[in-house]
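Worksheet for the structure shown next.
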There are 2 protein chains.
Amino acid sequence: MADKSVLEKAKKIFENFLARQGSRKTPERFSVIDELYGLPQDEHIDVEGLFLLMRNKGYTISRATIYNTLDLLVECGLAVKHQFKDKVALYEQALTYKHHDHHVCNQCRKIREFSDERINLIKEAMGEEFQSGITSHSLVLYGDCQIENCENLSLL
Amino acid sequence: MADKSVLEKAKKIFENFLARQGSRKTPERFSVIDELYGLPQDEHIDVEGLFLLMRNKGYTISRATIYNTLDLLVECGLAVKHQFKDKVALYEQALTYKHHDHHVCNQCRKIREFSDERINLIKEAMGEEFQSGITSHSLVLYGDCQIENCENLSLL
DNA sequence: TTACATGCAAACCCTTTGCAATCGT
DNA sequence: ACGATTGCAAAGGGTTTGCATGTAA
């Protein structure tokens, strides 16, 4: 879970972002940021998960609003959206985000993060080769992890 | 478009694969391989595209059969399935496939292929770190390409 | 006050599934 | 002939959209 100052900082950024484009500061929008940043820093959650989590906590919020808000958070850099091989999109907080990539277990779907500088060398080289301003990338390694009972778990 | 011997080889592999698991050699299955391998070697096509292409050529084939057959082709290594940021899955022939990764333009969605050995170093390092047998990976670079009128094209 | 945001449910889109008809073997 | 495969259309599942209601400014 992100410490308090991170959450506060995120809210500030969000406020500025909303103000800049003349969007409203609704309680729903801030509740989403509260809950996303209330998760462990490296947790990946999908819309349905966030919806259930929030409903269970007593919020009255709709899926549609969560979708909308997450889009906004991605837009202003406060959330990152991932699409692994599964059909649901997963989100994670992005404020204290150091770019990292992911390893996903073929069986249990457990997600682990890593960071390897060499990806940047590839991006530089290809940006040049393709005369393209590379804006982002997605790197996912799939493998069979060694976790006990891996094949019987479904951690996603 | 793959040269004739490649197509023949692919069909042989497919025949053996089907025989090995006691599946039938239906004309539909072979028509899918014909058409997939009739495309330029690096072309990415989705199910709907293949369906329309084949219908226009006079085949009577259903989407369901195309989905089924592509699954089989992926299973026996004759096709590769890609899921970029878009929601449709794209397929390409895989017989003459040297593993490569992709650059996708943020605007025009044009796909270009590249190969950079450094990805293997990353896979080795992470396989060790995570005690995981890495079986595959997906690397996609997103950028703004310099193609004339890029923003007005929709090449996907 | 008034336009934007919300909640709900219906619509969407790609993919999967169920089933009767067909066709390899 | 038998059972796998096909085509079709309906169902599924995640996401998006339309619209009446609510609400920030």
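Side chains included, hydrogens not; waters and symmetry mates left out as well; all remaining heavy atoms used. Note on naming: letters A, B, ... go to the chains in the order of the sequence lines (proteins, then strands), and numbering restarts at 1 for each one.
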Is it true that A:His44 and A:Tyr91 have ring centroids separated by less than 6.0 Å? no

Is the cationic atom of B:Lys85 (NZ for Lys, CZ for Arg) positioned less than 6.0 Å from the six-membered ring centroid of B:Tyr142 and within 45 degrees of its normal? yes

Does one side chain, of A:His100 or A:Asp42, offer a donor that lies under 3.5 Å from an acceptor on the other? no

Taking only distance into account, with no hydrogens and no angle test, what donor-acceptor pairs under 3.5 Å do side-chain atoms of residues 52-60 of chain B form with protein atoms, sequence neighbours excluded?
| from | atom 1 | to | atom 2 | distance (Å) |
| --- | --- | --- | --- | --- |
| B:Arg55 | NE | B:Ile61 | O | 2.9 |
| B:Arg55 | NH2 | B:Ile61 | O | 2.8 |
| B:Asn56 | ND2 | B:Leu52 | O | 3.3 |
| B:Lys57 | NZ | B:Glu35 | OE1 | 2.8 |
| B:Tyr59 | OH | B:Glu35 | OE2 | 2.8 |

Identify which one of B:Lys25, B:Arg20, B:Gln21 satisfies the side-chain hydrogen bond (donor to acceptor under 3.5 Å, both in side chains) criterion when paired with B:Ser23. B:Gln21

Between atom [atom1] in [X] and atom [atom2] in [N], what is the gap in whole Å?
X       : N      : atom1 : atom2 : answer
B:Tyr59 : D:dG7  : OH    : P     : 13 Å
B:Phe51 : D:dA9  : CZ    : P     : 10 Å
B:Gln21 : C:dT25 : CD    : C1'   : 16 Å
B:Phe30 : C:dG24 : CZ    : C1'   : 12 Å
A:Arg29 : C:dA5  : CZ    : C1'   : 6 Å
B:Asp86 : D:dG14 : CG    : C1'   : 16 Å

Sugar-phosphate means primed atoms, P, OP1 and OP2; the rest is base. With that split, encode nucleotides 15-25 of chain D 5' to 3' as B, S or - using protein heavy atoms under 4.0 Å. BBB----BBBS

Geometric class of the A:His137/A:His99 ring pair [parallel <30°, tilted 30-60°, perpendicular >60°]: tilted

Is the phosphate of C:dT6 approached by A:Ser62 (side-chain N or O, under 4.0 Å from OP1 or OP2)? no

Pairwise 5' ranking along DNA chain D for B:Gly22 and B:Arg55, keeping only the more 5' one: B:Gly22

